[in-house]
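Scope of the values below: all heavy atoms of this structure, side chains included, with no hydrogens, waters or symmetry mates.
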Amino acid sequence: MTPTAPWLAHTHINTKFTPHKNRTSTSHQEIKKFFNKVHIYDSPRNNPQLKNKKDDNFMPSQFNFIASDPVVINTLTEEEINEVSTWQNDYPEFKFEFHTMHEAGWPCYLREPNGPNRGLPKVNLKNYCGQLLQGESVRSQECSSEFMRVISGNLELFQKLAKEYYEGKEVNIELKKFWYVKYKCAYSKKAPLIIIQLPARGQAIAEIFWLNMQNWAKKPECVLHKHTSCMLPATLEPFDKGEIKEFNYTYRYKDNGEIEEI
């Protein structure tokens with residue numbers, strides 16, 4: 001998918017790895033099992049760096065539903081394009097639009113040349129009911145009729161376009177490093193190090209993820225002193241495939257910053 005908006009640089013991450021429970025030590029051989037496929041979703045929704053930005057920082061996706069439009073070409077397959085029988089007509093002139101200034105559904109907006117800037121007519125493609133919402137904002141009945149005709153004739157394709165914009169496109173990459181944060185006692189070298197894995201969705205963008213998380217992530221208790229005040233600030237480190245190391249105290253951060261033993 002060719003990036004067409006600034007927010008495509010941001011990512012959401014999921015992994016299929018599920019660690020064994022009741023584990024207190026992780027060996028080099030066991031670490032090898034962690035290097036699996038990571039799914040990256042290019043999507044603006046639910047990204048805390050973008051959620052509270054102003055309208056002009058979001059780039060809407062506007063397109064015509066015609067075979068030569070870049071959005072259509074970049075999202076639909078050649079076979080899907082060739083099988084379309086209901087294309088958008090040249091007249092009346094309007095654009096289909098996706099944008100992120102909402103919290104639910106997959107809205108597709110009618111953008112008329114002389115239409116309003118807010119409260120655009122729309123349909124919800126995620127739960128499509130065949131009804132035009134905010135119809136009082138329509139400037140031209142010809143535009144709204146053509147808008148509904150094209151969507152109803154290509155509903156599954158429009159849902160595919162909307163899902164990729166709002167939920168992201170899945171891309172597989174391979175993790176080459178296992179990222180963790182390391183805590184140690186400020187007063188005693190006898191106190192064991194405490195190793196805490198980043199959440200699974202933070203593994204592929206570890207530096208950025210930890211930069212955002214470290215101010216609210218909980219500190220572990222010192223194994224020797226049984227409190228957190230002696231723990232030095234954590235350092236983020238990678239575990240390479242070829243590295244031999246024993247982790248005697250291994251924990252993982254949850255997405256909410258709490259610590260769990262694995």
Side-chain angles (χ1 to χ4, degrees), residues 1 3-21 23-26 28 30-54 57-59 100 103 163-184 192-222 228 231-243 245-262:
M1 179 179 66
T4 58
W7 47 257
L8 288 179
H10 302 280
T11 57
H12 297 286
I13 300 173
N14 289 328
T15 66
K16 296 180 180 179
F17 168 66
T18 302
H20 296 290
K21 295 182 179 179
R23 185 187 301 276
T24 58
S25 177
T26 305
H28 171 63
E30 291 164 337
I31 286 291
K32 287 183 177 180
K33 298 177 183 178
F34 297 165
F35 301 97
N36 48 20
K37 294 295 182 180
V38 174
H39 304 299
I40 293 184
Y41 298 89
D42 294 315
S43 171
R45 179 165 292 166
N46 298 327
N47 190 319
Q49 294 177 314
L50 301 176
K51 192 169 183 179
N52 296 319
K53 287 194 175 183
K54 296 181 180 180
N57 285 331
F58 290 88
M59 183 70 70
T100 56
E103 293 297 328
K163 182 177 182 180
E164 182 163 313
Y165 179 85
Y166 290 114
E167 305 298 338
K169 182 176 182 180
E170 183 176 310
V171 179
N172 287 331
I173 65 170
E174 184 178 354
L175 280 178
K176 296 183 178 180
K177 292 182 178 180
F178 165 71
W179 288 90
Y180 62 91
V181 290
K182 181 174 66 177
Y183 289 88
K184 62 180 179 179
L193 295 175
I194 296 181
I195 304 299
I196 306 180
Q197 300 177 22
L198 286 187
R201 67 189 186 93
Q203 288 292 331
I205 50 171
E207 292 96 335
I208 296 174
F209 195 92
W210 181 242
L211 181 64
N212 293 332
M213 182 182 182
Q214 60 185 336
N215 291 330
W216 46 270
K218 292 187 177 180
K219 292 175 65 175
E221 287 189 353
C222 176
T228 63
M231 301 302 285
L232 293 173
T235 56
L236 178 68
E237 296 186 14
F239 181 93
D240 291 317
K241 279 186 175 182
E243 186 178 5
K245 184 183 292 185
E246 288 286 340
F247 291 162
N248 294 321
Y249 293 87
T250 307
Y251 304 87
R252 180 178 59 199
Y253 275 119
K254 299 179 182 179
D255 290 339
N256 63 3
E258 294 181 353
I259 300 170
E260 62 180 349
E261 187 173 352
I262 58 174

* Passes side chain to side chain contact (heavy atoms under 4.5 Å, CB included), Leu232 versus Tyr183? Steps please. -> CA-CA 6 Å; Leu232 293 173; Tyr183 289 88; over 6 Å; no
* Asked: Considering residues at least two apart in sequence or located in another chain, which fulfil the salt bridge (charged side-chain N to carboxylate O under 4.0 Å, His left out) criterion with Lys163?
  -> none
* Quick one: closest heavy-atom pair of Met231 and Pro220, and the distance? => CG-O, 3.4 Å
* Minimum-distance pair of heavy atoms, taken over all atoms of Trp216 and Gly257 -> CZ3-N, 3.4 Å
* Give, for atom OG1 of Thr228 and atom NZ of Lys218, the distance between the pair rounded to the nearest 0.5 Å. => 11.0 Å
* Calculate, to the nearest 0.5 Å, the distance between atoms OH and CD1 belonging to Tyr180 and Ile195 respectively. => 5.0 Å
* To do: Only counting residues at least two apart or in another chain, list the ones meeting side-chain hydrogen bond (donor to acceptor under 3.5 Å, both in side chains) with Lys182.
  => Glu237
* **Test side-chain hydrogen bond (donor to acceptor under 3.5 Å, both in side chains) applied to Glu221 - qualifying residues, sequence neighbours left out** => none
* To do: Inspect the surroundings of NZ in Lys219 and state if more than 12 heavy atoms from other residues, nucleotides or ligands are less than 6.0 Å away.
  => yes
* Asked: Quick one: which of Glu261, Glu260, Glu258 gives a side chain to side chain donor-acceptor pair (under 3.5 Å) with Arg252?
  -> Glu260
* **Contacts of type side-chain hydrogen bond (donor to acceptor under 3.5 Å, both in side chains), residue Glu207, not counting sequence neighbours** => none
* To do: Check step by step if side chain to side chain contact (heavy atoms under 4.5 Å, CB included) holds for Leu236 and Gln214.
  => CA-CA 10 Å; Leu236 178 68; Gln214 60 185 336; over 6 Å; no
* With Asn215 via side-chain contact (heavy atoms from CB on, under 4.5 Å) - residues at least two apart -> none
* What are the two closest non-hydrogen atoms of Trp210 and Ala234, and how far apart are they? -> CZ2-CB, 3.9 Å
* Report the residues that fulfil side-chain hydrogen bond (donor to acceptor under 3.5 Å, both in side chains) with Asn256, sequence neighbours left out, ordered by chain and then residue number. => none
